[in-house]
Amino acid sequence: MSVLFVLIGASVITALGFLIAFIWSVKNGQFDDDYTPSVRMLFDDEVVKKKK
Amino acid sequence: MELEKFSYDNKIVKQFAIATIIWGLAGMTVGLYIALELIFPALNFIPIASFGRIRPVHTNAVAFAFVGNGIFMGVYYSLQRLCKARMYNDTLSKVHFWLWQLIIIAGALSLPLGLTTGKEYAELEWPIDVAIAITWLIFGWNMFGTILKRRERHLYVAIWFYIATFVTVTVLHVVNSVEIPVSLFKSYPVYAGVQDALVQWWYGHNAVAFFLTTPYLGLMYYFIPKAAERPVYSYRLSIIHFWALIFLYIWAGPHHLLYTALPDWAQSLGVVFSIMLIAPSWGGMINGLLTLRGAWDKVRESVVLKFMVVAITAYGMATFEGPMLSLKKVNAIAHFTDWIVAHVHIGALGWNGFLTFGILYWLIPRIYQTDLYSKKLANWHFWLGSLGILFYAIPLYWAGFTQYFMWQQFTPEGFLKYPNFLETVTQLRSMYIMRSIGGAMYLFGFIIMIYNMIKTIKQGNLLENEDAQAPALSKIEGSHEGEHWHRWIERKPIQLMVFSLVVVLIGGAIEMIPTFMIKSNIPTIASVKPYTPLELQGRDIYIREGCSTCHSQMIRPLRFDTERYGEYSKAGEFVYDHPFLWGSKRTGPDLAREGGKYPDSWHYNHMLDPSTMSPGSIMPAYQFMLDDNLDTSSTAPKIRAMITLGVPYPQGYDKIANKALMVQADLITAGLKKDGIETTSDKEIIAVIAYLQRLGKDIKANNQVFTTKK
């Protein structure tokens, strides 16, 4: 059953990677504002507006 | 602050969109064809169209070609806009696009030829595996390059989903594809038996999670607000959704291996995490649906939103059903039946298919600067597709239950009520017919969309480079932490993390796994012996023909399984099985104890035309095995590869293997002759018979105490 350790190892490493990313993103203030981003993404700053 | 001018690359988006449509058509057509083969077995008339060979064509085409290109289409469109930057490098985009299409073509050519590893959803042979890894890394490079040169500091939640997809799929693909080549087109996985099964389903489960789910959730969080022109219901919930999903998903894999030799604690862990997954999954679903609150009038109007609503609903259904299926009691019913096929199609047709359609209907007119050619046709597509899903899934749920009830019914005297498996096959015919009709409706709707798209594209004009402007990213932002480490990590944050991760994993995998595996492949049941050269060749034909797409080789410790098939399967029986062949579906009966059940001549006639031995059988005929000669030139390299993998053949056995092979083949031919069958020892069928007659023999012959290693 030793392959379990390989799989758990791979999973743990991946999860740790995400944990680091999570910590980074919190410290970076990625989640400080939990409203504006959802509105901001609605606007694309196109120079030329679509012609209909 | 100064505005920077740049442009978005729409051409690459268009290319991926067209690839999505073409491969979708191909994949679904093959799907319909194999559904029809289960009704009219005569459709298996040539080897390259035989069910076992093209079922993987269908699954790979839909998952990696249709959905895969759909992911790239959506990511290339949304990532540029969310980052306010053009894709990092146009050449990388192009290389990524063409390599991916080449991989698909290579798959579409090699699988029908029987070049397969036999591992579900990872059937492509090793050279293609390598190409996939390279292309995937190019995609990642391009994506992270874009993220790093972004003009918007905040990473919108969709981008997190894309990053998770990239990282995890890399890990999965690498770990699952560790194999040793025998020739250019043949390899054996380094894992054997139970270990191989574990790796495979850890991969298989997470492929669904991180290829069919997370990227599409990212797309959902981008395209639904865009199409509805309103922000997502709760941005906070979307972030919680993401992190919870990521941390839970990866541990749920063992739910594919309930009632097997996997240790109980691992099974239970898989079940617990699967149940917990309901929470984030439904959080995401609710978030998607509530985004449309107060906009239902828009949904009625917009075909884009209609498709998306059905997609999210299907996501909710599938993610409720999944955890239910991982409860042991439910799993005992559903596993190996058509219920599972219905389940995955709710996900594939409903969630992936409909979200893709919604995105296409929204995106194509946009980049072609025109309106959709016909709303009416799009509505037709919507209704045909929705009804198609119902007509597809409901008969298969019914078929699943029918199978289970027939398999497990006992007479009052304690015998199986339907001892003849064939009865449980012929019973399903009407349901298979209905599901083909459902599939055909869905496909017809898809074809209507293609027409609509062609017309739209013709009347429009592709805006290849869409001009945009945005202020450059300010260098430093006020932060609540100390400046030093923060700055360092910010400069190359994700890049650093991901690439070190990938390097460590690849290096580790290549170095550790083979030795690790070989040591643990030591036999645990004394009577279990390696396959003879002839059996090994027969086994490889079994893999080539995809017999395991219809036959399992895994008897669960359930009364109705052991009563029908014999002693339940033990971990120690599979130690020489590179790859494992447990299968996941019993369209035909389990074959784990097939050896000795019938005389050789029965198998000969059965393979020639199954319906002569089993009237009404839907198994394909394999006449060509009776005519084709066995390729014995591969015996020596195969034995050598097995020795490398730790299978205890005597030293130098590769040199005399073909002699042993002929001796055994002559015996079988002589036996067949006694039953009035004239053939020669060099035919493929002889090897297949040898293999089938070996199955389960080691344990039958020597029915004493087993020491199974857990």
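Here is the naming used below: chain letters follow the sequence lines, and residue numbers restart at 1 for every chain. Computation of the quantities below employed the complete heavy-atom set of this structure, encompassing side-chain atoms and omitting hydrogens, waters and symmetry-equivalent molecules.
Between A:Ser38 and B:Tyr221 there is no side-chain heavy-atom pair separated by less than 4.5 Å. Between B:Leu155 and A:Ser25, every side-chain heavy-atom pair lies at or beyond the 4.5 Å cut-off.
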Just list the side-chain donor-acceptor pairs under 3.5 Å for residues 16-23 of chain A, sequence neighbours left out, or say none.
none

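Note: B:Glu229 CD to A:Leu42 CG = 8.5 Å, rounded to the nearest 0.5 Å.
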Verify side-chain contact (heavy atoms from CB on, under 4.5 Å) between A:Met41 and B:Arg81, making sure each step is shown before the conclusion. CA-CA 8 Å; A:Met41 61 82 68; B:Arg81 277 138 184 106; over 6 Å; no

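In this structure, A:Arg40 places its CZ atom where more than 12 heavy-atom neighbours from other residues, nucleotides or ligands lie under 6.0 Å away. More than 12 heavy atoms of other residues, nucleotides or ligands shown are found within 6.0 angstrom of CZ on B:Phe223.
In this structure, chain A has heavy atoms under 4.5 Å from both the backbone and the side chain of B:Tyr222. For chain A, the nearby parts of B:Ala164 are the backbone and the side chain; heavy atoms of each come within less than 4.5 Å.
Residues meeting the side chain to side chain contact (heavy atoms under 4.5 Å, CB included) test with B:Ser177, sequence neighbours left out: B:Asp129, B:His173, B:Glu179.
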